[in-house]
Asker: 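Just passing along the structure, written as structure tokens.
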Amino acid sequence: MSNPLKIFTSLGALAAMLMLPWVITDPRYRDLIITMGIYFILASGLRLIMSVGQVSFAQAAFWGIGAYSSAILVMKAGLSFWLSLPLSGIISAFIALLIGYPCLRLKGPYFFIITMSFGEVARLVFTSWIDLFGGTNGISGIPAPDPITISGVFSISFPPRGVEFYYLLMLLIIVSFFVMYRIERSHFGKACGAIREFDDLAASLGINIMRHSIILFVVGCFFAGIAGSFYAHYMTYIGPGYFSFHESLLFLIIAVIGGTESIFGIIIGAVLLTILPEFTREAKQFESIIYGAFVLVVLLFMPSGIWGMLKKIFRIKPLSKSYI
Amino acid sequence: MAFLEIRDLAKNFGGLEAINRLSFHVSQGEILGVIGPNGAGKTTLFNLISGHLKPSRGNIIFQGEDITAEKPHAIARRGIVRTFQSSSLFDSKTVMENLLVAFHLEARSGFWDSVFPTRSVRDVNAGLDEKAIDLLDFLGLSRSRNETVKNLPHGHRRSLGIAMALAASPELLMLDEPVGGMNPREKEEMTALIGKIRQQGKTILIVEHNMRVVMSLCDRIIVLNFGNKIAEGSPAEIKNDPEVIKAYLGRKHYAD
């Protein structure tokens, strides 16, 4: 952090995040911002595996795995939310490792199809294992996170849909943004880009394609699990319908529309694709048409997403030049 | 012990025998040329050695160890680095970015290094910038450092491909048609460059069509035809081998 512009930008963004609840006080809009934040974490996790040129269609399934894990760990095993939050991430990551190891040998459409199948299998397991996952009824009455208390100093509790959830989510976003940004700027990240562009050449330079792919997939699913845990305790209710392939498709659209080249593209994608349905809701019968037209226009005219186009127009350079 | 030893290597694609029971060796410090008409199996041989293809039979032994079943990245780690015939590079990136990726084996490029870059990680990786610049100087590319690779002239693309292979600090450098598609001046420069690389003590295996380049650079030459080795020897011996003349040199346009 030697660059003053970088420090200024980071502090500005942080201040904006902290102030936002004072500017937007309507709980309905706050709800929208929280949705945006969850979508950001999920789409940026998906972007990781896309940076080696693989597209996963199972992101919603790993989100669901995190959500169900957290609900079960808290309600059936009596764990604290603060323990189940990281554990849900780890469970998702572990399952991603088991799935990724055989499946990442497949490339392109084959990997896409097998992750889509995995997503459907996960949804069916949530639906049919009634004792554990509650079947189509899902799990309701998921408790709020335990209050954080330092006796005598302060206590933070989490009332339903309270602003405290917003701040917790912002913390999770900052952590995931930090990890994604560092990966993007590092030699590790550049090696991943090399794999996407020309895998045979990358391998001949000593880059282990399988190792890089698995790490990205596992880390992306770790964050999906974390987002799932947050979501479960924020919503207090989860069901198998929330984690279907429609959601996986949405995260893919967010990533592609915003631009997968940079984490900033995912921010743009998450904001736009959360707001867009709010506007089109007015014209109900045209909702899908407007949505579809928007996606089509972006894909046709901005092949590297909205961020890619902005970067070209404004000649945006990275804040720091060298790799980490 | 031979530096690189190829034993009874064979590769067939369906019914086609691309490489047929091929055996030869490369000694440390030499330039070995592999020549042969189109479709003789030269590029297949490269792909087998670099691990991009798995042989149907036979063994590849590098510095006394069998590397036949290894993956390309593991073979690169052992010190066998190749260039690609089409001089394909990471086209959307700049010259410098291409070269920095090529320093992968030397960089601190692990996942945790990227998330928590300690001082030593930063120091090692910052040092690579200088090394990359030195290497670009060596290859005469320093002026196009920030050029996007897809805009480079053909000769420079070839040089950059070789620079990237050198960045992976090879002990055995494999060059796939390094002067293919070049004009006479570029050819001369490339020949001089390969000579310079050899002086640095690298062992080089070279596949090439251009006879003049092969004859002037190589210590020994192997001639392939339809996947079989038809001759092996010094450039002078190869020039006068009747089998070679029949298969290859007799055809005028190859003599250049």
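All chains are named by letter (A, B, ...) in the order of the sequence lines, taking the proteins before the strands, and each is independently numbered beginning at 1. Reckoned from all heavy atoms, side chains included, excluding hydrogens, waters and symmetry mates. Quantities reported herein were computed from a predicted structural model and do not represent experimental measurements.
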Asker: Can you tell me if A:Arg105 has over 12 outside heavy atoms packed within less than 6.0 Å of its CZ?
Answerer: yes
Asker: Between B:Phe111 and A:Phe188, what is the shortest heavy-atom contact and its length?
Answerer: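 Heavy atoms only, the tightest pair is N-CD1, 3.8 Å.
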Asker: Given heavy-atom pairs under 4.5 angstrom as the criterion, report whether the side chain, backbone, both or neither of A:Ile207 touches chain B.
Answerer: both
Asker: How far apart are the closest heavy atoms of B:Arg77 and A:Gly206, and which atoms are they?
Answerer: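 That closest heavy-atom pairing would be NH2-O, 3.7 Å.
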Asker: Would you say CZ of B:Phe24 has more than 12 non-hydrogen atoms from neighbouring residues, nucleotides or ligands within 6.0 angstrom?
Answerer: yes
Asker: May I ask you to test the A:Phe198-B:Leu89 pair for a side-chain heavy-atom distance under 4.5 Å?
Answerer: no
Asker: Is B:Lys54 atom NZ crowded by more than 12 heavy atoms from other residues, nucleotides or ligands, each under 6.0 Å away?
Answerer: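 More than 12 within 6.0 Å, yes.
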Asker: Looking at B:Glu130, I want to see if its CD is surrounded by more than 12 non-hydrogen atoms of other residues, nucleotides or ligands under 6.0 Å.
Answerer: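 Atom CD in B:Glu130 is not packed in, count stays at 12 or less.
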Asker: Looking only at heavy atoms, which two atoms of A:Leu205 and B:Ala76 are closest? And how far apart?
Answerer: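 Heavy-atom minimum between the residues: C-CB, 4.1 Å.
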Asker: Just wondering, more than 12 heavy atoms not from B:Trp112 lying within 6.0 Å of its CH2?
Answerer: no
Asker: What heavy-atom pair brings B:His52 and A:Ser204 nearest, and what distance separates the two atoms?
Answerer: CE1-CB, 3.8 Å
Asker: Is it true that, when you exclude A:Tyr167 itself, more than 12 heavy atoms of the residues, nucleotides or ligands shown sit nearer than 6.0 Å to its OH?
Answerer: yes
Asker: Identify which part of B:Ser92 has an atom lying under 4.5 Å from any heavy atom of chain A, answering side chain, backbone, both or neither.
Answerer: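 Answer is both: backbone and side chain atoms of B:Ser92 are under 4.5 Å from chain A.
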Asker: Do B:Lys93 and A:Lys190 have side chains that get closer than 4.5 Å, going by heavy atoms?
Answerer: no
Asker: Taking the side chain as every heavy atom from C-beta outward, state whether A:Leu201 and B:Met164 have any pair of such atoms under 4.5 Å apart.
Answerer: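 Yes - at least one pair of side-chain heavy atoms lies under 4.5 Å apart.
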Asker: Can you tell me if CG on A:Leu97 sees more than 12 non-hydrogen neighbours from other groups inside 6.0 Å?
Answerer: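 Atom CG in A:Leu97 is packed in, count exceeds 12.
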Asker: Just give me the residue among B:Ala167, B:Gly110, B:Ala168 that pairs up with chain A most often, heavy atom to heavy atom, under 4.5 Å.
Answerer: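 Among B:Ala167, B:Gly110, B:Ala168, the one with the most close pairs to chain A is B:Gly110.
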Asker: Identify which of B:Gly161, B:Ala74, B:Pro72, B:Ser50 forms the greatest number of heavy-atom pairs closer than 4.5 Å to chain A.
Answerer: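 Counting heavy-atom pairs under 4.5 Å, the top option is B:Pro72.
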Asker: Taking the ring of A:His212 and the ring of B:His104, is the distance between their centroids below 6.0 Å?
Answerer: yes
Asker: With chain B, which of A:Val219, A:Asp200, A:Val179 has the greatest number of heavy-atom pairs at distances under 4.5 Å?
Answerer: A:Asp200
Asker: Against chain A, label B:Ala107 side chain, backbone, both or neither, depending on which of its atoms sit under 4.5 Å from a heavy atom there.
Answerer: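 Contact with chain A involves the side chain of B:Ala107 alone.
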Asker: Determine whether B:His73 and A:Ile209 make a side-chain contact, defined as any pair of heavy atoms from C-beta on separated by less than 4.5 Å.
Answerer: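 Of all side-chain heavy-atom pairs linking A:Ile209 with B:His73, none is under 4.5 Å.
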Asker: According to the interplanar angle, ranging from 0 to 90°, do the rings of A:Phe178 and B:Phe116 count as parallel (below 30°), tilted (30 to 60°) or perpendicular (above 60°)?
Answerer: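 Rings of A:Phe178 and B:Phe116: tilted, 30 to 60°.
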Asker: Check each atom of B:Leu128 against the heavy atoms of chain A and say whether the ones under 4.5 Å are side chain, backbone, both or neither.
Answerer: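 Only the side chain of B:Leu128 comes within 4.5 Å of chain A.
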Asker: Taking the side chain as every heavy atom from C-beta outward, state whether B:Asn125 and A:His187 have any pair of such atoms under 4.5 Å apart.
Answerer: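 When only atoms from C-beta onward are counted, A:His187 and B:Asn125 do touch, with a gap below 4.5 Å.
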